[in-house]
Number of protein chains: 2
Amino acid sequence: MAEVLGTFEQAVLLAIVHLGADAYGRAILHQVQTSLRRNISAGSVYTTLDRLEARALIASSLADGTPARGGRPRRYYKVAAEGVRALDEAHQIMTALWKSVKWPTNARKVAL
Amino acid sequence: MAEVLGTFEQAVLLAIVHLGADAYGRAILHQVQTSLRRNISAGSVYTTLDRLEARALIASSLADGTPARGGRPRRYYKVAAEGVRALDEAHQIMTALWKSVKWPTNARKVAL
DNA sequence: CGGCCATGTCTACATTGTAGGCATTGACAG
DNA sequence: CTGTCAATGCCTACAATGTAGACATGGCCG
């Protein structure tokens, strides 16, 4: 019943979009850590990827050739049409949510 | 370990900000339903309010006089300093998340 | 050969999301 | 006066999401 994508899910989805053709597990992990500015474990990302795929918001495929380095072949992800829709919906909701309130974007300019 | 406020939590917090002095349970419920554009149960809101208060992000106080209409006295909420900080942090993260990707805001202008 | 690195996967648990039912009590119809 | 209703807060329960950490695999380098 989770009508809307959660924050972490959005971060993962956006990481895939951001990485484009290079969107595989570990790269996504790094991208998410960067965008969220905090340490994330690999499992967190893979679990979320599994769930997003189960919901058909993303699709994955194993790399064909021998993986250049490392045992397991890389699994590449791409955002499905449904995923784009979900992302856009989440974006609209978040935007609308914040637009209705006057919020000084520079509130923490000194605090942090 | 939930480093960042969830979507629903943000909606509730922002509803309180939006309502100002009139921020009591049911009013918050209505505000959240409006901003999120979907039906929410009363319990959902109260549970979230409890949790936010437990984290000291908001504070509540029962209405003093006899409630004008209805059995239980209204409980009014206000966002605490920590809550403002958390909200602002969430806002920054969400903004940064989306800013890094070129996203056509009007993507669904036809679709929906 | 042996440890190291990159990569994906599994299990487990904490936190958040969300529904629906219940209790209380003034107002109002009959 | 009595029953129904509306407004309000609260409690329990469960589903979904967030998140960590251990583990398996197999090239690579010394």
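Below, chain A is the first sequence line, B the second, and so on; all start at residue 1.
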- Task: Map A:R51 and B:T48 onto DNA chain C by nearest heavy atom, then report which one ends up closer to the 5' terminus.
- Result: A:R51
- Selection from C:dT7, D:dT8, D:dA20 that lies nearest to any side-chain heavy atom of A:R74: C:dT7
- Query: C:dT7 P sits how many Å from A:R26 CZ, rounded?
  - Reply: 7 Å
- Under 4.0 angstrom between A:Y46 side-chain N/O and C:dT9 OP1 or OP2: no
- A:F8 CZ to D:dG18 P, straight-line distance once rounded to whole Å: 8 Å
- Query: Under 4.0 Å between a side-chain N or O of B:R38 and OP1 or OP2 of C:dT18?
  - Reply: yes
- Message: Applying a 4.0 Å non-hydrogen cut-off, can you work out what A:R75 is touching in the nucleic acid: base, sugar-phosphate, or nothing?
- Response: sugar-phosphate
- Query: Distance from B:S60 atom OG to B:D50 atom CG, nearest 0.5 Å?
  - Reply: 8.5 Å
- Identify which nucleotide among D:dA20, C:dA19, C:dT9 has an atom closest to any side-chain atom of B:S44, counting heavy atoms from C-beta outward. C:dA19
- Message: Here's one to test your reading of the geometry: is the NZ or CZ of A:R74 within 45 degrees of the ring axis of A:Y24 and under 6.0 Å from its centre?
- Response: yes
- Query: In whole angstrom, what separates B:D22's CG from D:dT8's P?
  - Reply: 11 Å
- Rounding to a whole Å, what distance do you find between A:R72:CZ and C:dT9:P? 6 Å
- Task: Starting from C1' on D:dC10, measure out to CD1 on B:I28 and report it in whole angstrom.
- Result: 14 Å
- According to a strict under-4.0 Å criterion, is A:S41 in side-chain N/O contact with OP1 or OP2 of D:dT19? no
- Whichever of A:G25 and B:V45 has its nearest DNA chain C nucleotide further upstream toward 5': A:G25
- Query: Given A:R75 and A:E53, is the salt bridge (charged side-chain N to carboxylate O under 4.0 Å, His left out) satisfied, shown in steps?
  - Reply: CA-CA 12 Å; A:R75 177 177 290 279; A:E53 186 160 29; 5.1 Å; no
- From CD (B:E82) to CG (B:L87), nearest 0.5 Å: 11.5 Å
